[in-house]
Structure formats: structure tokens, C-alpha cells
Amino acid sequence: MNIINIEHIAKVYQVGDVEVHALQDVSLRIDQNEYVAIMGPSGSGKSTLMNMLGCLDTPSYGKYEFKDKNVSLMSDNELAGIRNKEIGFVFQTFNLLPRSDALHNVELPLIYAGIDKQERKERARQALINVGLEDRIHHKPNELSGGQRQRVAIARALVSNPAIILADEPTGNLDSKTGEEIMLLCHEIHKKGNTIILVTHEEDIAKHAARIVRLKDGRIEKDELVPNRYIPSVKNSTINFG
Amino acid sequence: MISNKIDTVLFELREGLIIAWQAIRANKVRSFLTMLGIIIGISSVVLMTTAIKGIDASFQKGISALGTDVLYIDKWAWFTNEEWWKMRNRRKITMDDYHKFAEMAQLPLATAPVTNAARKVRYGDNVIENVILNGSSSDYVKTTNFTFDEGRFYNEIESKGSRYVAVVGSEVAKKLFTHGSGLDKYIKIGGVEFRVCGILTEQGSFILGSFNPDNQVFIPIGTIFKHFLNEEWGTITINVRAKNPSMIADTKAEAEGIMRKVRGLKFHQEDDFSVNQQEGLMSNYNTVVGVIQIAGLFITGLSLFVGAIGIMNIMFVSVKERTKEIGVRKAIGAKKRTILSQFLLESSVICLLGGLVGLLIAVIASLLLDKFFPTSIQISAVIIAMSVALITGIIAGLAPAYTAAKLDPVEALRYE
Ligand SMILES: Nc1ncnc2c1ncn2[C@@H]1O[C@H](COP(=O)(O)OP(=O)(O)OP(=O)(O)O)[C@@H](O)[C@H]1O
Ligand SMILES: [Mg+2]
């Protein structure tokens with residue numbers, strides 16, 4: 001099933017007198033349960049595209065359909081609702097609330113979804129267990145390692161059972177071993193049936209995906225399936241993903 | 001459907017409160033400093049209303065002890081703008097004037113000559129300096145509403161015989177007789193020995209100032225002239241009590257006529273005496289209350305204004321500091337109004353906390369003030385204070401909260 005359908009979108013930023021074309025004439029379709037990596041040099045528009053896909057931003061031109069609904073026509077509140085229920089964000093810098101513990105961070109999307117306390121706590125706890133953090137539930141972000149913080153962020157992205165996970169350089173701030181653990185987690189999540197779109201500029205990371213979209217100067221340069229896809233081994237997994 | 005909507009609003013309110021509380025706790029010192037203006041504002045508004053209520057109650061009590069239907073014929077006009085040097089040149093009012101007046105006056109319930117001095121009063125080791133000493137006749141008590149804890153007022157025989165008997169006010173008695181009853185004890189007034197024949201119940205209050213009988217001593221007028229004042233030099237006041245409040249005007253008119261006759265004034269001559277009334281006291285009192293009210297409102301308004309500016313400022317800082325957090329919240333589904341209410345709640349909670357602290361301070365202060373006049377915190381004052389705090393919080397939080405709510409999520413997330 002087709003989840004994302006963008007046609008000829010462009011994003012133009014006005015900086016003083018100069019028009020910056022962050023995206024130009026980009027068309028892309030992404031189906032349910034795809035695993036897509038977006039690659040490209042710095043400044044090529046990867047983050048801009050991700051923000052668009054994640055309904056954080058709307059295109060200057062072109063059409064964006066999310067689950068057959070035209071996003072360009074939605075109000076701010078409707079966009080917030082889509083972000084809350086259909087999209088899970090994972091950021092390079094984790095972006096957890098520093099003063100709240102892991103459980104409360106994971107609960108947050110459910111709070112905005114208006115889910116009552118008991119169910120919320122239970123689901124947040126389960127999400128933390130699923131990413132292997134059952135013994136870190138009441139730790140604050142500054143009491144966690146980088147990898148653990150990113151797992152909290154992933155648990156937060158997953159907790160409301162979104163249609164897609166958008167990860168903008170999720171391993172960018174992690175060492176390669178920890179990065180590999182996070183990628184294993186993504187693999188598990190994908191296997192469970194989720195749609196994952198991740199931005200990276202590391203070929204090794206991108207190889208986890210089944211499809212790579214390459215951007216250059218705001219245009220899609222290449223859109224190809226990965227021939228020798230890397231499947232992480234579950235043997236050395238520390239994660240008990242159910 | 002509607003109940004569902006209310007549910008969501010209540011839910012968001014509760015969650016918002018929790019978030020606000022966390023934010024306030026994270027910056028305890030800053031939050032407290034921000035609250036100072038509100039604390040001062042709220043405590044002053046509560047204290048002001050409490051003080052006015054207290055002053056009012058004690059004034060009413062005091063004024064009725066003095067009797068609202070009493071006229072005071074004096075050389076001086078008590079509450080007037082008339083030039084004092086004019087009155088200074090008036091002839092003094094003498095005991096002779098009084099006797100003539102008392103004989104002719106038909107309307108009064110009672111009349112009494114009064115004069116006073118200030119003397120040291122001693123009982124054993126207990127000494128009070130500068131006690132107001134009233135000399136009068138036994139009829140004086142009929143011009144007041146005095147009630148007695150013990151004993152009675154001196155009687156006609158004692159008065160006419162210029163005996164050494166004294167009636168003491170409640171405050172004086174409290175200070176002199178630290179152990180046991182003071183009745184029939186002998187006290188020294190200005191070195192002269194007197195027997196205490198009566199002790200007054202607490203009558204008035206501080207607002208009456210020198211009118212307050214609680215701090216006074218009453219002795220026969222003949223005795224005061226014998227030992228403490230020279231009858232030839234001093235002037236006296238004639239207290240005249242009307243039969244009832246509705247007769248005051250008639251009694252006053254009669255008193256003025258008789259006094260002119262007694263003083264031998266020709267028709268073209270001005271009065272060389274004044275007939276005073278407590279209305280003057282009342283207008284004095286109203287001025288006092290008015291001043292307190294204006295000062296209180298000024299302090300309240302100013303500190304609430306400063307407090308509101310402070311809170312607005314701190315909320316702007318808070319929004320700036322938490323730009324990234326706002327971006328994250330928006331990314332995971334917070335709506336504009338969720339962010340708006342989060343910050344509005346935060347500033348309201350700060351103000352309400354400030355209001356509570358202010359209230360607490362006002363309660364403590366009013367307990368301390370209770371030593372001087374009866375106070376009790378009014379429920380209405382509490383409600384007003386808390387609503388004022390809440391409104392201040394909402395107004396101060398409005399602009400910062402709106403700024404936060406309309407932040408662009410992408411920009412906010414990029415903010416470092
Ligand atoms: N708010 C903005 N205002 C102006 N120009 C912008 C804005 N956001 C992005 N751009 C420009 O758009 C282009 C694409 O930016 P984007 O952040 O999408 O790149 P990226 O591919 O994610 O780069 P990186 O790998 O460094 O993260 C850049 O040239 C950037 O300068
Ligand atoms: Mg980027």
C-alpha cells in the first residue's frame with residue numbers, strides 16, 4: 001500500500017535577496033513496510049525532505065499525499081495530529097526532554113494523543129522494554145549513554161504505533177558499535193512491519209536499507225534498490241524485541 | 001461529544017499543570033524572584049482589606065463607647081480649618097460657666113465638666129508615665145456608655161467632696177495590677193494616693209487616639225484642681241449628652257443659645273466657644289481609611305505591575321531557552337493551543353504560588369497586627385487576591401505563550 005506520494009515538490013527559502021532552492025522537482029513514492037535510506041552530500045536537502053515527509057513543513061510547490069490525504073491543504077492542528085499518530089521521529093541529537101525521565105519522555109506522544117494515564121504508562125513501559133531499557137525506565141537523559149538515549153528516542157517514536165519512522169542521521173552522534181546496535185533495532189522494527197525512512201551519509205548505514213534515494217543539489221539523483229543489502233545478525237543482539 | 005471535548009480540555013489542563021510544575025521546580029530561585037512582585041502585591045491587598053476591616057470594627061466599637069449623641073462644648077473647635085490663633089484669644093470656659101449652663105439647659109440627659117492633665121501613675125513597682133487624667137463630676141459616666149469590669153464610677157458624694165477615688169481604664173489596670181484585682185487598692189497619681197473604685201471594661205481602640213478611655217484615669221474634678229491643675233488657668237470642656245441621637249440638633253441649638261447667654265455675648269459678637277461633635281471624629285477617620293486605601297491600592301498596583309512585567313520577562317526567557325523543547329513537542333504532536341496553554345499555565349501557577357505565599361505573609365502579619373487592633377482575614381479578600389494573582393499570571397503569560405505557540409517546528413528544532 002502506498003503511504004507517501006510526493007509529486008514535483010519544491011522548497012524555496014528566501015535568504016535576503018537570494019532564493020535558496022533546498023528541493024527542486026522531487027517526486028517520490030514510498031510503500032508500506034519499505035526501508036528507505038536517503039543519502040547525499042551536506043546541503044543536498046535531505047533534512048528538508050525529511051521535514052516535509054514528517055509533516056513538520058509544507059512544500060512551496062507540488063503535492064504531498066500522506067495515506068491518500070493531501071497534506072498541503074491541512075491546517076496546523078491537522079498536521080500536528082498526523083505527526084502525533086502516524087509519524088515517529090528519531091533525531092541525530094536525540095532531542096529528549098532533559099528534565100524528564102525515560103518513561104515520561106516516551107509517554108509524551110501519548111499525552112498529546114489524550115490517552116489516559118494508566119494505559120499511557122503501560123504502553124510507554126512496554127516500548128522501553130522493547131528497546132532493551134527495562135532497567136533504565138526512571139533515568140533522566142543525562143544519566144544515560146548516547147546509545148541508550150537514542151533507544152529512548154526510538155521507543156518514543158514507536159510508542160504510538162505510527163505508520164512510518166523518520167530517522168534523520170540516527171547514528172550520527174554515536175560510535176560505530178553503538179550505531180550498529182541502533183541499526184539492529186531498526187532492522188527489528190522493520191521486520192515487524194514498520195515503514196522506515198532514514199537519512200545518513202554513511203554507505204555502511206545506508207546498506208541496511210532495501211532502497212537508497214540519492215539527493216544532489218535538491219534533486220533526486222538516483223533511486224535504486226540495494227543489491228547486497230546488509231542484514232544485521234540477531235545473534236549478538238542485546239535486545240529482546242517481541 | 002461535548003463531554004468528550006471537556007474531557008480533553010481537563011486532561012490537557014492537568015498535564016499542562018504537571019509540565020508547568022516541573023518547569024517551575026527546575027528553576028526554583030528564578031521562579032521565586034519572579035514571584036516577589038506578586039507576593040508583595042497580594043500580601044498588601046489582603047493586609048489592606050484586613051486592616052481596614054479591623055480599624056472599622058474597632059472604630060465603631062470605640063465610637064459607641066464614647067456615645068454618638070454627645071456634644072462637647074469647648075474653647076477649641078476640634079475639627080475645623082478655623083485659624084487657631086482666633087480661638088486662642090477666646091476666653092476660657094470656667095466651672096462657673098458650667099454651673100450656669102447646667103442650671104439652664106433643659107434638653108440634655110446629662111452634662112459634665114471635664115478637664116485633664118497627664119501624670120505618672122504608680123502601683124507598687126508598676127509605673128506608667130503620662131497617663132491622661134480626667135477630672136469630672138459623677139454625671140460624667142452618664143455622658144458615656146462605659147461598662148465596668150469591677151466596681152463603679154465615683155458617686156455624687158465622692159465627686160462633690162473631691163475625694164481621692166479613681167476609675168481606671170482597662171489598659172491602665174492591666175499594666176498596674178499584674179497580680180489580682182485592682183479594686184479598692186491604693187494607687188499613686190502624681191505622688192498623691194487614690195483608692196480605685198472602678199475598673200472599666202475594654203472600651204475603645206487605638207483609632208480613637210487620645211479619646212480612648214482604656215488608657216485613662218478618671219477622678220473628681222475638685223480633686224484634680226486641688227493637686228494637678230490650677231482652676232484659674234485652665235479651661236474646661238462641657239460634655240452634653242442628648243436624650244437620644246435624634247435630639248442632637250435641638251440639644252445643640254439650645255446649648256449654643258445658653259452658652260451665648262452664659263458668656264454674655266451681644267448679638268453682633270461671634271461665638272467664643274465651639275460645640276463639637278463626633279462627626280468630626282468620623283470625618284477624621286474617613287480620611288485615615290482613605291489614605292490607607294489609596295496607599296494600599298498604589299502599592300498593590302505597582303507591585304503587581306512590576307510582578308507582571310517580571311513574569312512576562314521570565315516567560316520570554318523561558319520560551320527562548322526551551323525553543324528546542326517546543327520544537328520537539330510540536331514534532332511529536334503538540335498542537336498550538338497545547339503549547340499556548342502550557343506556558344499560560346506556567347505563568348498562572350507562578351502567580352498563584354506567589355499569591356499563596358503573599359496570603360501566608362498577610363495572615364502572619366495580621367496575626368501580629370492583632371495585638372493592636374482586631375483583625376480577621378476576610379474570605380472575600382482571599383478570593384480577590386487569588387483571582388488577581390491568576391489574572392496577572394494569564395495577562396503576563398499571554399504574549400510569551402503566544403510566541404511559543406506560533407514557533408515554526410522546523411526552526412525550533414534547528415535552534416541551538
Ligand atoms: N531555514 C532555512 N533558511 C534558509 N535556507 C535553508 C533553511 N533550511 C535549509 N536551508 C538550505 O537548504 C539547503 C538544504 O538544507 P538541508 O538541511 O536539507 O541539507 P542536508 O542535506 O540535511 O545537509 P546535512 O547533511 O548537512 O544535514 C541548504 O543549502 C541549506 O542552507
Ligand atoms: Mg541534515
Side-chain angles (χ1 to χ4, degrees), chain A residues 11 13 22 47-58 75-101 104-117 120 140-141 152-153 155-160 162 166 168, chain B residues 1 3-28 30-31 318-319 321-343 345-346 402 404-416:
Chain A
K11 184 74 190 179
Y13 290 109
S47 294
T48 308
L49 181 58
M50 281 301 246
N51 291 338
M52 211 76 75
L53 296 178
C55 297
L56 280 170
D57 210 349
T58 46
S75 69
D76 280 353
N77 273 351
E78 285 171 309
L79 289 176
I82 295 256
R83 291 198 295 269
N84 183 240
K85 295 190 179 58
E86 306 279 13
I87 294 161
F89 286 97
V90 179
F91 304 94
Q92 180 177 354
T93 53
F94 322 131
N95 286 348
L96 300 174
L97 301 189
R99 292 186 288 263
S100 306
D101 63 9
H104 187 256
N105 266 289
V106 176
E107 258 186 296
L108 212 52
L110 302 179
I111 290 179
Y112 294 137
I115 289 165
D116 72 60
K117 192 167 176 177
R120 210 165 76 201
K140 300 244 168 82
V152 175
R156 181 178 67 187
L158 284 172
V159 76
S160 47
L166 296 178
D168 194 344
Chain B
M1 186 62 205
S3 87
N4 203 6
K5 195 119 193 160
I6 292 170
D7 252 21
T8 354
V9 169
L10 283 181
F11 179 86
E12 282 181 10
L13 196 71
R14 207 183 56 210
E15 296 304 324
L17 273 175
I18 293 169
I19 292 168
W21 181 238
Q22 278 179 340
I24 290 163
R25 275 197 1 190
N27 293 300
K28 289 189 195 73
R30 196 169 81 181
S31 303
S318 176
V319 168
E321 264 180 9
R322 290 194 275 160
T323 301
K324 189 135 194 174
E325 176 192 318
I326 294 164
V328 174
R329 289 181 186 276
K330 287 198 152 188
I332 61 180
K335 296 188 168 77
K336 264 186 183 168
R337 72 148 196 271
T338 319
I339 301 288
L340 188 81
S341 57
Q342 176 190 331
F343 283 93
L345 273 171
E346 194 172 319
Y402 185 68
K406 70 171 212 284
L407 277 178
D408 174 43
V410 177
E411 293 294 323
L413 277 169
R414 284 159 63 102
Y415 183 85
E416 289 307 326

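In this structure, the portions of A:Asn77 lying under 4.5 Å from any heavy atom of chain B include both its backbone and its side chain. Only the side chain of A:Ser100 comes within contact range of chain B, with heavy atoms under 4.5 Å apart. Both the backbone and the side chain of B:Lys330 come within contact range of chain A, with heavy atoms under 4.5 Å apart. Only the side chain of B:Arg322 has a heavy atom closer than 4.5 Å to any heavy atom of chain A. Of the two parts of A:Asn95, the backbone and the side chain both hold a non-hydrogen atom closer than 4.5 Å to a non-hydrogen atom of chain B.
Between B:Arg329 atom CZ and A:Leu97 atom CG the span is 5.0 Å, to the nearest 0.5 Å. Once rounded to the nearest 0.5 Å, the distance linking CG of B:Leu413 with CZ of A:Phe91 reads 4.5 Å. Note that CD1 of B:Ile332 is 8.0 Å distant from CG of A:Asn105, once rounded to the nearest 0.5 Å.
Residue pairs meeting the salt bridge (Lys or Arg N to Asp or Glu O under 4.0 Å) criterion with at least one member in residues 83-94 of chain A, sequence neighbours excluded: A:Lys67-A:Glu86.
Contact check for B:Lys335 versus A:Asn84: no side-chain heavy atoms found under the 4.5 Å cut-off. The shortest side-chain heavy-atom distance between A:Thr93 and B:Glu416 does not fall under the 4.5 Å cut-off.
Residue B:Ala331 comes nearest to A:Leu56 through the heavy atom pair CA-CD2, 3.7 Å, listed as atom of the first residue, atom of the second, then distance. When all heavy atoms are compared, the tightest approach of A:Ala80 to B:Ala334 is CB-O, 3.9 Å.
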